[in-house]
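Below is one structure, written out as structure tokens; comments come after it.
Below, read A as the first sequence line, B as the second, and so on, with proteins coming before strands; counting in each chain starts at 1. Only heavy atoms go into these numbers, but all of them, side chains included; no hydrogens, no water, no symmetry mates. Quick caveat: nothing in here was measured; it's all calculated off a predicted structure.
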Amino acid sequence: MRTPEIAVEGGLPPPEEPMLVLEPGRAEKNYWADLWRFRELFLILAWRDISVRYKQTIIGVVWAIVRPLLTMVVFTVLFHRVAKLPGDGDAPYALMVFAAMLPWFLFSTSLGDASGSLVNSANLISKVYFPRLIVPAATIVAAFAEFLISFLILVALMFHFRFAPGWNMLLLPGFTLLALLASLGPGLWITALNVKYRDFRYVIPFVVQFGLYVSPVGFSSSAIPEQWRLLYSLNPMVGVIDGFRWCILGGDSPLYGPGFALSLVVVAFFLWLGISRFRKMERSFADSI
Amino acid sequence: MSDIVITAENLGKKYIIGHQAESGRYVAMRDVVMQSARGLWHKTMDLMQGKPIIPGDTMEEVWALKDVNFEIKRGEAVGIIGRNGAGKSTLLKVLSRITEPSAGRVTIKGRVASLLEVGTGFHPELTGRENIFLNGAILGMTRAEIRRKFDEIVAFAEVERFLDTPVKRYSSGMYVRLAFAVAAHLEPEILIVDEVLAVGDAEFQKKCMGKMGEVTKGGRTVLFVSHNMSAVEALCRRGILLRAGGLILDSGAEQAIQCYLDRSYSIIGGMPLGERKDRSGTGRARSIGFRILGDSGSEASSLQSGRSYTFEIEYQNDSGAAISNVVCSIDFYDERNVRLMMLRTSFSNVTLTLKEGRGRFSCSVDDLPIANGSYRLALFLSHAEREILDYIEDAASLLVDGGDFFGTGSQGMPTHCRILTRSAWSNE
């Protein structure tokens, strides 16, 4: 049985009936309101990405644990035992590496997933309307879920090393958000470019692989000579990783102020760039995907 | 009372298509390198300036939609008809905000849900239950709404037993049934539907039609695109006829369908047959004209079952000599693309000889044995069944309307069977 809808049949239109004007080049005034209206779709797409992620794999969600854990072991052996790089104060080297591995994997997975997201949902984009921003944003939520799982390993490691966190730990959510924003900016930009020029799908794996060695994941950023540190902080992940270490390891890993501020500026710049480019190209996605 | 929910003013949509320039026969390596380098340079410049890059050397603007004006009132069910490429789907895409218009404007009052495809966003790894929620959200339903209609959707799709199976294990029939079921339970103020009724088996199609009828009668504004004229006629009161991106007629559904079909015995695309590009074959001889003549020898505009017609084909033989041993076939297809009837020289043990230059030959049929409906003709010419000289898949379309094949006034049952045969019955 269908529920009768009285509002539609004659009479007055519903009070807050949206009035929509479509015109070439018209910037939609209620874009952000629209984004809010489609929040359920956002949640359900994020849920889809999460639940599909490890379908038809044998060890399933264990992948989220194995990848960072193995990388941590390799990096600790390579950088600490072989290259003999100094750690941060008294903190165990493995813990220091893992504290960086967390934001790095969060950044690289969300950047990688977000940048391919639009092309992977070509079918949706050419058949249904919704604010396209939802698609890359939803993939970032899935990467965040994986981050939470890896976070459990950190807790286990801290127990293992009997390392008690300080009050700085409370600021960790802020740095997690920063890592997400750092990946969202370039992610949006590249996924939009990817719609038109598939060249960019080859860019991201390269950036991610390269970035792992350029960012202070396997070593402490205090290993960088003082005069280069500000320049080094142009890499936004330097600020994020330092922040994570500061939160988790506490006073052993002091935050380098000017560098962190610069990283913040770079993150903000990329976020602005990503969103503005994305919105500019968004309107023609359906035509060129 | 201003009850207009959709207004389109001078609406237009332009696409830019690139063509690859034909290169000459002899190309120097140097030229190729230079040209590629220049192309790369221009592309990089375009990219820097944020201009779109179009592959190809020359560009052409194509207006898929041009100067379209109409108004749609609340509660109207409007059928949008026209041939392939007339701009129907583009219009729906613009109205459902998937793509932006290039000119003009549209004003829409109310929530729009568009259904341009069944099962958009279905994920093969997810179960039927999960996909109902996913697809529902994509089509614009809220979770609460989906939960309320969940049982109804499942019952409609007849997939109760497989709700917790990933849809990749579904049969294709189950898949489309589930997909349509979700879509059918959308309740927006304005519903835009593109040719989605042609899914599933005959029985399910009937069920879909019933559901769509319910939706249109429920006072909702519906825009409906279909090639199935009987569906348009059954569902819509008003019809908009598009042709080559322009709106030609906006009237009652029957009138629009009539107008669409009247133009139906025509060479598809409106171009003379000789200039058509959508052909295959060696082209040594090609059909360049096609006419249907009635009893009196004058050109027929629409056909009636049971009468006699002559199909006349004009050809052009460019091979420089006469071609003998030619087979010609005129194939009739129905709207579902089923080949119903073939008129082929070889069946009658006839071979044609095409003289050099232009000429014509014809084929007569007594008692046209096909029922009311629209058909498409394919024209085929081959040399001794080996070399295909010319083949046009969509050469012409025609409408059969009325007539008295059986001599009893019966039209047969065109929706059930398109072939007519007289039969004698005895009852002992």
- Contacting region of A:Ile125 [heavy-atom separation from chain B under 4.5 Å]: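 Looking at A:Ile125, just its backbone touches chain B.
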- Query: Do you know which of B:Leu116, B:Ile138, B:Leu115 makes side-chain contact (heavy atoms from CB on, under 4.5 Å) with A:Val128?
  - Reply: B:Ile138
- Mind checking which of residues 7-15 of chain B sit less than 4.5 Å from chain A, heavy atom to heavy atom? B:Lys13, B:Tyr15
Can you measure from [atom1] ([X]) to [atom2] ([Y]) and round to the nearest 0.5 angstrom?
X	Y	atom1	atom2	answer
B:Glu100	A:Glu282	CD	CD	10.0 Å
A:Leu20	B:Ile190	CG	CD1	9.0 Å
A:Ser51	B:Glu125	OG	CD	9.5 Å
A:Phe130	B:Ile98	CZ	CD1	9.5 Å

- Item | Side-chain donor/acceptor of A:Glu40 to backbone N/O of B:Arg143, under 3.5 Å | yes
Please classify the contact of [X] with chain A as side chain, backbone, both or neither, using a heavy-atom distance under 4.5 Å.
X	result
B:Ser102	backbone
B:Lys168	side chain
B:Thr142	both

- Message: So, using salt bridge (Lys or Arg N to Asp or Glu O under 4.0 Å) as the criterion, who are the partners of B:Arg237 when residues are at least two apart?
- Response: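 Counting only residues at least two positions away or on another chain, B:Arg237 forms no salt bridge (Lys or Arg N to Asp or Glu O under 4.0 Å).
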Which atoms form the tightest heavy-atom contact between [X] and [Y], and what is the distance?
X	Y	result
B:Phe133	A:Ile44	O-CD1, 3.4 Å
A:Leu124	B:Gly121	CD2-CA, 3.8 Å
A:Lys127	B:Ser114	O-OG, 4.1 Å
B:Thr120	A:Asn123	CG2-O, 4.1 Å
B:Lys93	A:Ser126	CE-O, 3.4 Å
A:Leu22	B:Leu95	CD1-O, 4.2 Å

- Item | Contacts of type ring pair (Phe, Tyr, Trp, His ring centres under 6.0 Å), residue A:Phe147, not counting sequence neighbours | A:Phe144
- Partners meeting ring pair (Phe, Tyr, Trp, His ring centres under 6.0 Å) with A:Trp104 (sequence neighbours left out):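 A:Trp104: ring pair (Phe, Tyr, Trp, His ring centres under 6.0 Å) contacts with A:Phe107.
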- In terms of heavy-atom contacts, does CZ of A:Phe42 have more than 12 from other residues, nucleotides or ligands at under 6.0 Å? yes
